[in-house]
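Contents: one structure, followed by commentary.
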Number of protein chains: 2
Amino acid sequence: MTTTRSGRPALTRPDGTPLRVLVVDDDPDLAEVLTGALRYEGWEVRAAGDGASALAAARELLPDAVVLDVLLPDTDGFAVLRRLHEVKPDVCVLFLTARDAVEDRIAGITAGGDDYVTKPFSLEEVVARLRGLLRRAGMARQLEEGPRLVVGDLVMDEEAREVTRAGELIELSPTEFELLRFLMRNPRRVLSKAQILDRVWSYDFGGQAHVVELYISYLRKKLDAGRAPMIHTVRGAGYLLKPVLV
Amino acid sequence: MTTTRSGRPALTRPDGTPLRVLVVDDDPDLAEVLTGALRYEGWEVRAAGDGASALAAARELLPDAVVLDVLLPDTDGFAVLRRLHEVKPDVCVLFLTARDAVEDRIAGITAGGDDYVTKPFSLEEVVARLRGLLRRAGMARQLEEGPRLVVGDLVMDEEAREVTRAGELIELSPTEFELLRFLMRNPRRVLSKAQILDRVWSYDFGGQAHVVELYISYLRKKLDAGRAPMIHTVRGAGYLLKPVLV
DNA sequence: CGGCGGACTCAGAGGAAGCTCAGAGCGTTC
DNA sequence: GAACGCTCTGAGCTTCCTCTGAGTCCGCCG
């Protein structure tokens, strides 16, 4: 079995080949960031900058999923979506859209099983949504485990957005939730504050690493209060989530 | 058993193949939205833009149901209907029609067991009507369970449009009913306001998420009044319906 | 042992998200 | 045409979240 830069086994389809995703965005920087993050997660990634080349790439790659900017230089999301479905009817689509975009049209677009994320987004958000889409499509073997993340006695239900430790419900704010999700998806591994900022906060967030410390502190208060700690500081390197035993 | 992107088991015919539906509408955007939504619900979907190609597709697909726009560029829905019945006599038809259309003609046609929806419609509406048609026709195995949705002590009879909690009847307006139906079809899962707008409100509704909050508030007043709450707000994410226990 | 930089925590400003009330518009009914 | 029910808009209010700044603590190094 192949493994990825993240250390997790590569996502594969039922026939053993890696899951394929097409990233379509006319901002090359953003496309680059997305491509990097998804490749890191074990996807086979291709990128395109406009609708026409996206369709060409789709015909060649036959992607399992597409990350698609709604505003493209040459066409709109509806047209691309229609043509994509002609090429591959069961493709999953994750739309990227500005928060203030003409939402009435967007509204209809996502009506199927597809999903969307508003800019500016965090990479964790994109990755999580994409996993959700694929899981619901029953596409990837590894994803069929279900929407639960488990580290020791800590359990996260991503669909219900519920977190429990030792069976006890823990209430989290949106940012706390995303931070913990990132930690739980990378257990027993030191994550630097820069890495955390890149993944959990929006890509246009200009803030400082101090915010990470602050939110780690929040999480500790809620997660580790009165229990054996699961979040550990590695001075000069970052943070580490691991089960109490082992 | 295969599952759909909605997470529900796929609709299948008595012989195990998925239920087949043909979508006929000359607005490609609308056809795309319908196609996506129905595919998400587990249907095998084909689309056509006019009467001639609809008949061609029908001969090939032999659909169990047809979603049929009354106003087509080359002919009208009734002519198509007649020819459809020649191709497949037991096909179920759901008409799409403008509100001010000649409703008496529709009424006559639908007397035979078919049904219709006026534009603009919500996707929940279309999906529910189609399920109703098929159930009455005794076509789908999974649909024979009956028209009841149950979450905890909350029970919805979709056919009778009756809702009870702990045996007590709860009166709901049409929009409240559809909102609750959507929630009950996705229990223990956080639904974003955008998702809710997409499914419950008409596809051309330009309004804001505020309406969802308002109707959630109505529902809570009727459903949760003086009882343990079943509708939960997940700040920054959406709403969640779950039974009181567990 | 003293100083320094990294890490932690608290308090609070500012803003975002959500709730509810009141009422206008509209279609239906009698 | 008056009365009703339903839907949606607007505004005020509350609650909660996020981030900044400042002070403190702690480990590490000279």
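The basis for the numbers below is simple: all heavy atoms, side chains too, and nothing from hydrogens, waters or symmetry mates. Note on naming: letters A, B, ... go to the chains in the order of the sequence lines (proteins, then strands), and numbering restarts at 1 for each one.
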To the nearest Å, give me how far apart [atom1] ([X]) and [atom2] ([N]) are.
| X | N | atom1 | atom2 | result |
| --- | --- | --- | --- | --- |
| B/Leu191 | C/dG18 | CG | P | 14 Å |
| A/Leu219 | C/dA7 | CG | P | 17 Å |
| B/Leu172 | D/dT7 | CG | C1' | 15 Å |
| A/Arg220 | C/dT9 | CZ | P | 7 Å |
| B/Gln208 | D/dC8 | CD | C1' | 12 Å |
| A/Leu223 | C/dC8 | CG | C1' | 17 Å |
| A/Phe177 | D/dC17 | CZ | C1' | 16 Å |
| A/Asp204 | D/dC19 | CG | C1' | 15 Å |

Taking only the side-chain nitrogens and oxygens of [X], find out if one of them lies under 4.0 Å from OP1 or OP2 of [N].
| X | N | result |
| --- | --- | --- |
| B/Thr175 | D/dT7 | yes |
| B/Ser173 | D/dT7 | yes |
| B/Lys193 | C/dG18 | yes |
| B/Trp201 | D/dT7 | no |

Given salt bridge (charged side-chain N to carboxylate O under 4.0 Å, His left out), test B/Lys119 with B/Asp204 step by step and report yes or no. CA-CA 9 Å; B/Lys119 295 183 182 183; B/Asp204 69 346; over 6 Å; no
Comparing B/Tyr239 and A/Ser217 on DNA chain C - which has the more 5′ nearest nucleotide: A/Ser217
Go through the steps to decide whether A/Arg131 and A/Glu41 satisfy the test salt bridge (charged side-chain N to carboxylate O under 4.0 Å, His left out), and finish with yes or no. CA-CA 10 Å; A/Arg131 286 170 55 93; A/Glu41 293 287 329; 5.1 Å; no
Report all interatomic pairs (protein N or O, nucleotide N or O of nucleotides 11-14 of chain D) with separations under 3.5 Å.
from, atom 1, to, atom 2, distance (Å)
D/dA11, N6, B/His210, NE2, 3.4

Rounded (10°) bend between the five-pair end axes of the helix from C/dC1-D/dG30 to C/dC30-D/dG1: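 Its terminal axes enclose an angle near 10°.
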Set of salt bridge (Lys or Arg N to Asp or Glu O under 4.0 Å) partners for B/Arg181, sequence neighbours left out: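 In terms of salt bridge (Lys or Arg N to Asp or Glu O under 4.0 Å), with neighbours along the sequence ignored, B/Arg181 is linked to B/Glu158.
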What residues form a salt bridge (Lys or Arg N to Asp or Glu O under 4.0 Å) with A/Glu124, not counting sequence neighbours?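 Residues passing salt bridge (Lys or Arg N to Asp or Glu O under 4.0 Å) with A/Glu124: A/Arg185, A/Arg199.
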I'd like to check the side chain to side chain contact (heavy atoms under 4.5 Å, CB included) partners of B/Val150; sequence neighbours left out, ordered by chain and number.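 B/Val150 satisfies side chain to side chain contact (heavy atoms under 4.5 Å, CB included) with B/Val155 once adjacent residues are dropped.
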What I want to check is whether an N or O donor and acceptor connect the side chain of B/Tyr218 with the base of D/dC8 at under 3.5 Å. yes
[X] side chain near [Y] side chain, heavy-atom distance below 4.5 Å:
| X | Y | value |
| --- | --- | --- |
| B/Val23 | B/Leu30 | no |
| A/Tyr239 | A/Leu191 | no |
| B/Leu96 | B/Leu34 | yes |

Starting the side chain at C-beta, find the nucleotide from C/dC8, D/dT18, D/dC8 nearest to B/Val211. D/dC8
With a 6.0 Å cut-off (strictly less than), is the heavy-atom count around CD of A/Gln208, excluding the residue itself, greater than 12?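 No, CD of A/Gln208 has 12 or fewer neighbouring heavy atoms, counting only those of other groups under 6.0 Å.
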Residue pairs involving residues 207-221 of chain A (criterion salt bridge (Lys or Arg N to Asp or Glu O under 4.0 Å); sequence neighbours excluded):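 For residues 207-221 of chain A, and leaving out neighbouring residues, the salt bridge (Lys or Arg N to Asp or Glu O under 4.0 Å) pairs sorted by first residue read A/Lys193-A/Glu213.
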Classify the nucleic acid contact of A/Leu214 as base, sugar-phosphate or nothing, counting any heavy atom under 4.0 Å across all strands shown.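 Base: the residue A/Leu214, judged by heavy atoms under 4.0 Å, touches a nucleobase.
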